[in-house]
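The block underneath contains the structure these notes are about, expressed in structure tokens.
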Amino acid sequence: MGADQERAFQKLKECLISTRVLRPPIKGEPLYLYTTFTSLAVGALLAQDLRNDQLCPIHYISRGFRDAEFRYSKAEQACLALIYATQKLRSYLLAHETIVVATANPIAYLSTKPVLSGRTARWLLTLSEFELKYQRPRGVRGQAFADLLAAFPGTDMMGISEETPGEVAEVEEEERWAIFFDESSYGSHGGAGIVFETPKRDLLSFAFKLYFECSNNVAEYEALILGRRMAEELNLGAIDIKGDSKLVTNQVSGEFHVKEAHLAPYRAEVQELIAKIGSTVIQHTAKTTNRHGDALATLATKM
């Protein structure tokens, strides 16, 4: 950032404060939350529309990205801007109906995602306590100021809290079962290993032989489907599903496209099974933490 640009930005901030443009919100009037992001930072402006061609700013925030946030997709960075704003401006948003004004709709991205990862699941839970609506930008004033904040981020480098306040935190902190799944392909058939981990860390182990010729990826999907169906029959509710196949877990979560046509029906079935319980989370885990499932799958192929 050049010295002239920094001085202009600081002058704009000082002008907002000295002229008392920043005002407390009017009770009963909706808030407008303008959010934006760049490749380096996020920014947000909270304001109210006074209906006489005046936009009354209430509060503004901005900060630069940190650590892994630089590697988020554009959609996730748009969500990050909203989550950061809701955590910093929570007291305002809880007391008012709030309209989120952004070019991309982060609320729709999170609510329509077929399978939620750990991060996006926490974000959706965080937003559930607010009365939020979405609107595309219609004017330039509020959005232009939010863009300016993101272009010149402040010194706040607070990370996004992984805790959700109030009742939402209690839901996320509930004890959950976990399923570890793995496959083994040998000769003309394969095997599936499934390990259920109870909230008290007790293990329940199952091995299945697949009596048909299948690739490693097909066997991996078969193991995942078997485990999810067993969880449904046991009425386990929300669960954490963990596998060491990055291809399968990322295809199911929507991070990877399905290039092999024969795998598409498998992914569709898994997503349908997982969607029945909205807070079910699927994630990739290291092979070292999935040795039990791998051993069971190998055993099944040898039987």
Side-chain angles (χ1 to χ4, degrees), residues 68 110 113-126 128 160-164 167-185 190-210 216-256 263 266-301:
L110 291 174
K113 202 169 174 60
V115 180
L116 297 175
S117 66
R119 179 173 60 248
T120 53
R122 288 193 300 271
W123 287 354
L124 191 58
L125 286 172
T126 298
S128 64
I160 297 298
S161 173
E162 295 189 357
E163 297 181 357
T164 47
E167 295 181 356
V168 178
E170 294 176 4
V171 172
E172 190 176 19
E173 292 174 1
E174 67 179 355
E175 294 183 332
R176 297 162 63 100
W177 285 63
I179 297 179
F180 293 84
F181 69 95
D182 206 352
E183 56 72 34
S184 178
S185 181
I194 301 167
V195 179
F196 287 83
E197 184 181 77
T198 72
K200 294 183 179 179
R201 299 298 184 264
D202 295 324
L203 301 181
L204 306 175
S205 307
F206 300 88
F208 298 88
K209 189 168 185 176
L210 306 177
N216 289 335
N217 292 332
V218 169
E220 199 83 44
Y221 268 111
E222 290 283 353
L224 173 53
I225 292 171
L226 281 168
R228 186 61 188 85
R229 284 177 175 169
M230 292 173 66
E232 186 176 5
E233 292 177 1
L234 294 171
N235 295 318
L236 296 185
I239 53 176
D240 295 327
I241 303 177
K242 303 178 182 182
D244 57 32
S245 170
K246 186 172 293 187
L247 175 73
V248 171
T249 55
N250 285 340
Q251 282 183 349
V252 173
S253 64
E255 299 295 328
F256 287 0
L263 294 182
Y266 283 100
R267 185 182 73 164
E269 183 174 356
V270 172
Q271 290 180 339
E272 182 179 353
L273 288 169
I274 292 177
K276 292 181 179 180
I277 305 296
S279 57
T280 293
V281 175
I282 183 167
Q283 55 186 298
H284 175 260
T285 188
K287 286 186 176 295
T288 54
T289 61
N290 200 26
R291 290 175 178 171
H292 196 163
D294 178 63
L296 289 169
T298 303
L299 175 64
T301 61

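Along the sequence shown, the residues carry numbers beginning at 1. Values reported hereafter were calculated over all heavy atoms of this structure, with side chains retained and with hydrogens, waters and symmetry mates removed.
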Inset, instruction - Please round to the nearest 0.5 Å and tell me the distance separating atom OG1 of T285 and atom CZ of F181. - result: 10.0 Å
Legend entry - Contact check, side chains of I241 and R228, non-hydrogen atoms, under 4.5 Å: yes
Inset, instruction - Heavy atoms only: give me the nearest F256-R267 pair and the separation to one decimal. - result: O-NH1, 3.7 Å
Inset, instruction - Return the set of residues passing side-chain hydrogen bond (donor to acceptor under 3.5 Å, both in side chains) with E232 (not counting sequence neighbours), or none when no residue passes. - result: K276
Inset, instruction - Could you tell me the separation between the CG atom of D244 and the CG atom of D182, rounded to the nearest 0.5 Å? - result: 4.0 Å
Legend entry - Residue pairs involving residues 221-253 (criterion ring-ring contact (aromatic ring centres under 6.0 Å, His included); sequence neighbours excluded): Y221-Y266
Legend entry - Which atom of V252 lies closest to which atom of Q271, heavy atoms considered: O-NE2, 3.0 Å
Inset, instruction - Would you name the heavy atoms of G227 and F196 that are closest together and state the gap between them? - result: O-CZ, 3.8 Å
Inset, instruction - For residues H284 and S245, report the shortest heavy-atom separation together with the two atoms involved. - result: CD2-C, 3.8 Å
Legend entry - ring-ring contact (aromatic ring centres under 6.0 Å, His included) contacts touching residues 232-253 (sequence neighbours left out): none
Legend entry - Within-4.5 Å side-chain heavy-atom neighbours: V218 and L210: no
Inset, instruction - For the pair R229 and E269, find out whether any cationic side-chain nitrogen is under 4.0 Å from an anionic carboxylate oxygen. - result: yes
Legend entry - Atom pair CG/CD of L204 and E197 - distance to nearest 0.5 Å: 10.0 Å
Legend entry - Among T198, V281, L236, the one residue meeting side-chain contact (heavy atoms from CB on, under 4.5 Å) with R176: V281
Inset, instruction - Check A192 against L226 and note the closest heavy-atom contact, atom names and distance. - result: CB-CD1, 4.2 Å
Legend entry - From CD (E220) to CG (N216), nearest 0.5 Å: 8.0 Å
Inset, instruction - Considering non-hydrogen atoms only, spot the tightest contact between A231 and I239 and give its length. - result: CB-CD1, 3.7 Å
Legend entry - E222 side chain near F208 side chain, heavy-atom distance below 4.5 Å: no
